[in-house]
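Worksheet for the structure shown next.
Every number for a ligand or one of its atoms is a count from 1 in the order of the listing. Numbering starts at 1 and runs along the sequence shown.
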Amino acid sequence: MEKVHKDTLIGVIDAGTRTVKFCVFRPGHTKEIAEHTVDIVTHTPQEGWSEQDPKEILSAVRKCIENVVQQLGLEAINIITLGITNQRETTILWDKTTGEPLYNAIVWNDIRTDSTVDIILAKVPDNNTNYFKNICGLPISPYFSAFKIKWLMHFAPQVKKAIKAETCLFGTVDTWILWNLTGGAKGGKHYTDVTNASRTFLMNIELLTWDPLLLHTFKIPANILPEIKSSSEIYGRVARGFPLENVRISSILGNQQASLVGQRCLKEGQAKNTYRSGCFLLYNTGISKVQSTHGLVTTVAYKFGSKPAVYALEGSVAVAGAAMKWLRDNMGFMGDIQKETESLAQEVFNTGDVYFVPAFKGLYAPYWRKDARGIICGLTAFSTKQHIIRAALEAVCFQTRDILEAMNKDCGIPLTKLHVDGKMTVNSLLMQLQADISGMPVVRAQSQDITALGTAMAAGAAEGIKAWEIYSEERELVPSDTFLPTSTESERDARYTKWKMAVQRSLGWALAKKSSVMTEERYKLLASIPCGLYVIGSFGLIALSEYLSPTS
Ligand SMILES: Nc1ncnc2c1ncn2[C@@H]1O[C@H](COP(=O)(O)OP(=O)(O)O)[C@@H](O)[C@H]1O
Ligand SMILES: O=P(O)(O)OC[C@H](O)CO
């Protein structure tokens, strides 16, 4: 191990759903010294689909590193190591001989794989969503990578071809970046870490290896999968042609696990909630796995080198900040989310009994209902956009309460406070609503970069840099402020009961989808498609019915 110099710096690539960022930390400090962020375009070729260009992600990584290196000037030479943190579950398949993606990245919140879920459900006794939970910790849901891989294997001919030729590789976003940074087709390292692997639906959560039964169920060949490593070890060096050539890469963490580390929730019983597009609450259960019976998932929290893996219970919420984007972009309720959400919601004192369930793509934890769809209920002639914006903020808090209720039931020991981070937490009204709806103090981290910080800490640990005292019990090292509940228990419970009524009304909505396809869309198509395409359409239907047959 190289001697650590006092000017040592650690770089972090944070490849999120909406943005890619590169930032640099000085060991022991919680605030980054330089950063650059680039937005990533998400394509929606069909309703419910969500794709990104893997090459755009890579070029954003390059641009961000180049920009920060330029900002730091000569100091950049002190960056001795890099960490990678990433949006999880997002699935990329590429050709290892050319380095070319075989399809766009299918993003974690894409729901095209609903039919794949039905195929897998049809194979298990009683259509039991939790049938494989003992093996991989996860319920059957379009969220996880295996369903996306299976979809690609069926619907993308180029994927079929590459699998047959044994040139296809699979990776989540961490693996795609690592493989390319370490040489790509010329010897790139095809690794992932345990936290990302635990989100694929293919890893045995006990053994931390790819599980043969799951691979067989999905008919996924083992030779496309990366090797599973710990979250903190030296994986390789940046290859020639990339900025920061020869610098070691020494941590990989899924972004929600990274913020658990950054929040220093390193002891059993500590939890954090990160509010971004989605919202993810992770509860550290130590080296023992807790199997949830209330709709949470069991996931790997982190594994530092050869130390035992630490587990977490996770409550994943698909739509949190994304609902604000929808109110801005689709409803035109505001122009600037950051500047206007809080002030508009504060123009009213409550939601006027309006409830908003933003189940745009079904509901994740604790419901796991892909047939749910968004609803706004309780509208009256007095309802205004301000009420709806406030209801959207409350929806984030109610969804968090759903998770907290499930966690308390699974763990037995209720949380006494909630540590929070993520861009949405700048909204102080949201923080107060969260304290009032959950009835517990909400402790807000004063840094926006908790995810990157956790990744830097893990990279530092692999390099023997102990500056953050990662195993210290002193959580107060993360500067924070606290919001205390101002509601009574009966007020809280009355409102929560109403929320549950609203959730009930959102369930099952998508089951009626078929009838709408047979009416509007069909007739729109009949009016516009030249006759040759009917033939392609019927071939498509035959392919789809074969795919959906229980034997496939
Ligand atoms: N002041 C605010 N109040 C409410 N929501 C906000 C506020 N600022 C940002 N948001 C929401 O938070 C989310 C920020 O997401 P971001 O950190 O960019 O991560 P990602 O989209 O990668 O999850 C966006 O969905 C945005 O709508
Ligand atoms: O990039 P974010 O913050 O939307 O995180 C997405 C999660 O990792 C999905 O599981």
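By the 6.0 Å and 45° rule, Arg112 does not stack over the aromatic ring of Phe155. Judged by the 6.0 Å distance and 45° axis criteria, Arg401 is not positioned over the aromatic ring of Trp499. Cation-pi geometry between Lys150 and Phe218 is not met at under 6.0 angstrom from the ring centre and within 45 degrees of the axis.
Considering Leu93, Thr192, Asn86, Ile92 as possible partners of Trp176, the one that fulfils the side chain to side chain contact (heavy atoms under 4.5 Å, CB included) test is Ile92. With Trp179 as the fixed residue, the ring pair (Phe, Tyr, Trp, His ring centres under 6.0 Å) test singles out one of Tyr191, Phe170, Trp94: Trp94.
Among all non-hydrogen protein atoms, the one lying nearest atom 4 (O) of ligand 2 is Thr17 OG1, 2.7 Å. For atom 20 (P) of ligand 1, the nearest protein heavy atom (residue, atom name, distance) is Ser277 OG, 3.2 Å. When hydrogens are left out, the protein atom nearest atom 22 (O) of ligand 1 is Arg18 N, 3.2 Å; that is the closest non-hydrogen contact.
Here's the thing with Leu393: none of its N/O atoms is less than 3.5 angstrom from an N/O atom of ligand 1. Between Thr19 and ligand 1, no pair of N/O atoms sits closer than 3.5 Å. Below 3.5 Å of separation, one finds an N or O of Asn255 facing an N or O of ligand 2.
Side-chain contact annotation: Thr274 with Asp421, donor-acceptor N/O pair under 3.5 Å present. Inspection of the Tyr496 and Glu405 side chains reveals no N or O donor paired with an N or O acceptor under 3.5 Å.
Near Gln338, meaning under 4.0 Å from one of its heavy atoms, ligand 1 places the atoms 1 (N), 8 (N). Less than 4.0 angstrom separates some heavy atom of Tyr143 from each of these atoms of ligand 2: 9 (C), 10 (O). Under a 4.0 Å criterion applied to the non-hydrogen atoms of Gly16, ligand 2 contributes the atoms 1 (O). Those atoms of ligand 1 that come under 4.0 Å of a heavy atom in Met324, given as number and element, are 4 (C), 5 (N), 27 (O). Residue Met424 has at least one heavy-atom neighbour below 4.0 Å for each of these atoms of ligand 1: 4 (C), 5 (N), 6 (C), 10 (N), 11 (C), 12 (O). In the vicinity of Gln256, heavy-atom distances shorter than 4.0 Å reach the ligand 2 atoms 3 (O), 5 (O).
The pair Lys498-Glu394 does not count as a salt bridge, with every side-chain nitrogen at least 4.0 angstrom from each carboxylate oxygen.
Which of Arg18, Arg276, Gln87, Glu89 comes nearest to atom 10 (O) of ligand 2 through a heavy atom is settled by distance: it is Glu89.
Counting heavy-atom neighbours within 6.0 Å of Phe360 CZ, excluding the residue itself, gives a total above 12.
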side-chain contact (heavy atoms from CB on, under 4.5 Å) evaluation trace for Val317 with Thr400: CA-CA 8 Å; Val317 168; Thr400 298; 5.6 Å; no
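Residue contacts with ligand 1 for Ala322 involve N, CA, C or O but no side-chain atom from C-beta outward (heavy atoms, distance under 4.0 Å). Of the heavy atoms in Val426, only side-chain atoms (C-beta onward) come closer than 4.0 Å to ligand 1.
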